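Here's the structure we're looking at; comments come further down.
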Amino acid sequence: MKSRDSVRVSACRSAMSLLDNASAVPLDESRHRAGAVEQSAVGVGAADGARRELTEDQLRRLVADEIVTLRAEADTLRALDGAAGSARADEVYAQAEVLAEVLAQTNDVTR
């Protein structure tokens with residue numbers, strides 16, 4: 001963020017959202033209904049939903065799948081043959097490369 005590299009920041013933010021969403025557990029609709037204020041959950045995190053623990057391999061697979069998705073999206077945008085499509089394709093492909101770089105670095109660290 002300090003370097004103002006918008007492609008890198010965007011790629012990292014989307015990956016963090018992807019991983020956060022993957023750990024979400026569907027809510028039990030019967031428990032989470034709007035109601036009277038006096039019946040609301042009290043305390044920090046009291047109304048937070050449960051999260052599932054993902055293994056390191058699952059996290060890596062999710063990021064690897066996102067890289068494949070971004071590269072495919074870039075290819076589709078390039079096929080549109082327009083300056084706007086080409087510029088967006090370059091940005092999407094650059095985001096995929098950022099994630100591939102981060103994934104490679106984490107693989108090196110864990111070995």
Side-chain angles (χ1 to χ4, degrees):
M1 290 177 129
K2 289 181 182 179
S3 68
R4 303 210 188 274
D5 185 344
S6 62
V7 172
R8 186 171 289 277
V9 169
S10 179
C12 291
R13 282 186 174 160
S14 69
M16 288 188 299
S17 294
L18 170 82
L19 299 176
D20 191 43
N21 289 340
S23 68
V25 175
L27 293 176
D28 176 10
E29 291 298 322
S30 64
R31 284 189 26 212
H32 298 280
R33 301 254 182 215
V37 172
E38 64 271 8
Q39 294 174 342
S40 59
V42 178
V44 175
D48 289 352
R51 297 306 232 178
R52 89 184 65 151
E53 288 290 323
L54 299 173
T55 67
E56 209 168 299
D57 286 340
Q58 288 172 318
L59 296 172
R60 287 180 205 283
R61 173 58 32 211
L62 286 166
V63 173
D65 289 347
E66 182 67 5
I67 292 167
V68 170
T69 301
L70 288 171
R71 287 177 177 161
E73 181 183 342
D75 290 342
T76 301
L77 288 168
R78 280 197 180 101
L80 295 177
D81 285 337
S86 181
R88 178 68 182 135
D90 291 344
E91 182 179 329
V92 170
Y93 189 79
Q95 289 177 3
E97 293 310 300
V98 166
L99 294 181
E101 177 186 322
V102 170
L103 192 59
Q105 288 174 353
T106 61
N107 283 337
D108 291 342
V109 169
T110 58
R111 288 184 185 163

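Since we're looking at a predicted model, the values are computed, not measured.
Residues V102 and L59 do not share a hydrophobic cluster, clusters being chains of Ile/Leu/Val/Met/Phe/Trp/Tyr side chains in contact below 4.5 Å. Hydrophobic cluster membership is shared by L19 and I67, with clusters built from Ile, Leu, Val, Met, Phe, Trp and Tyr side chains linked at under 4.5 angstrom.
Proximity of a side-chain donor or acceptor of T106 to a complementary backbone N or O of L103 within less than 3.5 Å is detected. With hydrogens and angles disregarded, no donor-acceptor distance shorter than 3.5 Å links the side chain of R51 to the backbone of V25.
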Q) Can you list the steps and then say if T55 with R60 is a side chain to side chain contact (heavy atoms under 4.5 Å, CB included)? A) CA-CA 9 Å; T55 67; R60 287 180 205 283; over 6 Å; no
Q: Run the numbers on R61 and D57 for salt bridge (Lys or Arg N to Asp or Glu O under 4.0 Å), then give the verdict.
A: CA-CA 6 Å; R61 173 58 32 211; D57 286 340; over 6 Å; no
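In this structure, CG on L99 lies 12.0 Å from CG on L62, to the nearest 0.5 angstrom. Rounding to the nearest 0.5 angstrom, the gap separating the CD atom in Q95 from the SG atom in C12 is 9.5 Å.
The shortest heavy-atom contact between L18 and E66 is CD2-CB, 3.9 Å. Across all their heavy atoms, A89 and R78 have their closest contact at CB-CG, 3.4 Å.
For the side chain to side chain contact (heavy atoms under 4.5 Å, CB included) test, residues two or more places apart in sequence or in another chain that qualify with E73 are L70, L77, R88, V92. Under the side chain to side chain contact (heavy atoms under 4.5 Å, CB included) criterion, S6 pairs with no residue, sequence neighbours left out.
With R8 as reference, E101 is the one residue of E101, R13, E97 to meet the side chain to side chain contact (heavy atoms under 4.5 Å, CB included) rule.
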